[in-house]
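What you see is a predicted model, and the numbers here were worked out from it, not measured in a lab.
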Amino acid sequence: MPNEFNQQIIEEFRANEGRVGGYFEGARLLLLTTTGARSGRRHTTPLGYLPDGDRVLVIGSAGGAAQHPAWFHNVVANPRVQVETGVFTYDAHAVVLEGEERDRLFARAVEADPGWADYQAKTTRVLPVVALEEIPSGPPNINAASFGQALKLIHNTFRRELALIRKEITQSGPGLGAQLRVNCLTVCQGLHTHHTHEDQGMFPALAARHPELAPTMERLGEEHHTIAALIEELQQVISTADADPAAVLAEVDRLIAALESHLAYEEEQLIPILDA
């Protein structure tokens, strides 16, 4: 894509918490910053991605062009990269997948979006699949000006992802594809991790400073248990070999309803205190 087009997407992405309009509206996008294989300069590229548990996957399609995209050559030469999600920015290690793993994950991508197969059909090269694995480096780097804004941004990430998953389920047809299962399991894992960090970090810290918040903290803790139970039920439905999309959708809707009530209450009660 022309550099001017990429730059427009990058600016819109950074200005809108990772959201863009036009052709890529509603898509899962990230910004990948690589180090030039020849120049040594930093280059940022917007890319679609696929969730994959603790990592994300990107595919070097280049629209089916004859040559690999420049960012792919960069990660081969310099695997340490930076990833921006619109909320988080983190360093990652880029791993070019090979053999059976590459083929299996590419097939999973094609099942979720046949457009990847169309790109492969346009070229004789094998479209590379690259895993971006976060390099742990302490507390998360959140693109927010305050603690309250950071909390809202994280919450909105879960809201958007669950809405996207709900849309994917309604469009999935009679079966539940492998990538859609992974999308569901990944957001479940993310919610569990987020609530665990709150239970072990933010909530005790706020309770110690603000004893008057005891009823609020008790309610939030109880709601975490309720949401954990809903997550477990969703995971059980997804894990069956013949998972019915209608049954999965019902569980997703239950989770969305309970989570939205919880997030709205948490924001109402805690953001004014976090930003005081």
Side-chain angles (χ1 to χ4, degrees), residues 18-19 23-30 47-59 61 85-86 97 99-121 127-133 154-196 224-263:
R19 298 187 302 271
Y23 180 79
F24 297 108
E25 184 173 1
R28 291 184 180 88
L29 286 182
L30 58 77
L47 295 173
Y49 72 90
L50 293 88
D52 192 44
D54 291 331
R55 62 186 188 176
V56 296
L57 308 176
V58 290
I59 298 176
S61 65
T85 69
L97 304 182
E100 185 277 334
E101 183 181 23
R102 179 267 167 205
D103 295 343
R104 172 172 53 82
L105 294 179
F106 185 75
R108 200 174 80 191
V110 168
E111 182 185 39
D113 183 354
W116 296 115
D118 295 338
Y119 290 144
Q120 182 62 83
L127 301 187
V129 179
V130 179
L132 305 177
E133 302 175 349
I154 294 170
H155 286 180
N156 285 344
T157 297
F158 288 121
R159 288 177 170 117
R160 289 201 300 268
E161 183 62 21
L162 282 167
L164 183 53
I165 286 172
R166 191 186 191 284
K167 178 181 178 182
E168 291 170 341
I169 293 171
T170 61
Q171 298 174 348
S172 66
L176 198 69
Q179 183 59 46
L180 182 49
R181 292 173 191 263
V182 171
N183 295 348
C184 291
L185 293 172
T186 299
V187 75
C188 286
Q189 177 183 320
L191 275 169
H192 171 74
T193 300
H194 173 61
H195 284 171
T196 298
H224 279 187
H225 288 300
T226 299
I227 291 168
L230 292 173
I231 288 173
E232 184 175 352
E233 291 171 15
L234 174 58
Q235 290 172 324
Q236 290 176 352
V237 173
I238 293 169
S239 298
T240 59
D242 56 348
D244 178 12
V248 175
L249 182 60
E251 294 298 328
V252 168
D253 281 342
R254 290 177 66 205
L255 177 59
I256 288 174
L259 184 65
E260 180 53 42
S261 175
H262 169 73
L263 298 182

**Asked** Would you say the side-chain atoms of T240 pair up with the backbone N or O of V237, donor to acceptor, closer than 3.5 Å?
**Response** yes
**Fill in**
OG of S261 to CD1 of I227, rounded to nearest 0.5 Å, is 8.5 Å
**Request:** Determine the minimum heavy-atom distance between V182 and G53, stating which atoms define it.
**Result:** CG1-N, 4.3 Å
**Message:** Does any part of the side chain of T226, heavy atoms only, come nearer than 4.5 Å to the side chain of H262, both counted from C-beta?
**Reply:** no
**Evaluation steps, side chain to side chain contact (heavy atoms under 4.5 Å, CB included), between R108 and D52** = CA-CA 11 Å; R108 200 174 80 191; D52 192 44; 2.9 Å; yes
**Item:** Residue list, salt bridge (charged side-chain N to carboxylate O under 4.0 Å, His left out) with D253, at least two apart or on another chain
**Value:** R166
**Prompt:** Would you say L97 and L57 make side-chain contact, with heavy atoms under 4.5 Å?
**Reply:** yes
**Asked** If you measure from CD1 on I231 to CG on L191, what distance do you get to the nearest 0.5 Å?
**Response** 4.5 Å
**Message:** On a heavy-atom basis, which atom in P174 and which in P245 lie closest, and how many Å separate them?
**Reply:** O-CD, 3.4 Å
**Distance in Å, L176 CG paired with E168 CD, rounded so as to fall on 0.5 Å steps** = 10.0 Å
**Prompt:** Going by atom types alone, do Q179 and D113 pair a side-chain donor with an acceptor below 3.5 Å?
**Reply:** no
**Request:** Compare all side-chain heavy atoms of Y49 with those of P51 and state whether any distance is below 4.5 angstrom.
**Result:** yes
**Request:** Over all heavy atoms of both residues, which pair between L180 and S172 is shortest? Give the atoms and the distance, please.
**Result:** CD2-CB, 4.0 Å
**Message:** With a 4.5 Å cut-off on side-chain heavy atoms, are H192 and Q235 touching?
**Reply:** no
**Asked** Shortest non-hydrogen contact from C184 to I165?
**Response** SG-CG2, 3.6 Å
**Message:** Return the CG to CD1 distance between L263 and I256, rounded to the nearest 0.5 Å.
**Reply:** 11.0 Å
**Audit row: L50, I59, side chain to side chain contact (heavy atoms under 4.5 Å, CB included) steps and yes/no** = CA-CA 9 Å; L50 293 88; I59 298 176; 4.2 Å; yes
**Asked** Hey, are the side chains of R28 and N183 touching, using non-hydrogen atoms and a 4.5 Å cut-off?
**Response** yes
**Fill in**
Closest non-hydrogen contact found for F106 with W116 is CZ-O, 3.7 Å
**Prompt:** Using 4.0 Å as the upper bound for N to carboxylate O, is an ion pair formed by R254 and E251?
**Reply:** yes
**Item:** Distance-minimising heavy-atom pair for R181 and S239
**Value:** NH1-C, 4.3 Å
**Message:** Is there a side chain to side chain contact (heavy atoms under 4.5 Å, CB included) between L105 and R102? Walk through the geometry before answering.
**Reply:** CA-CA 5 Å; L105 294 179; R102 179 267 167 205; over 6 Å; no
**Asked** Is L259 close to L230 at the side-chain level, that is, under 4.5 Å between some pair of heavy atoms?
**Response** no
**Request:** Hey, can you tell me if F158 and H194 have their rings parallel, tilted or perpendicular (30° and 60° cut-offs)?
**Result:** tilted
**Note, L30 side chain near V58 side chain (heavy atom, < 4.5 Å)** = yes
**Asked** CG of L127 to OH of Y119: how many Å apart, nearest 0.5 Å?
**Response** 10.0 Å
**Request:** State the CD1-CD1 distance between I238 and I169, to the nearest 0.5 angstrom.
**Result:** 7.0 Å
**Beyond-backbone contact of D54 with Q189, side-chain heavy atoms, under 4.5 angstrom** = yes
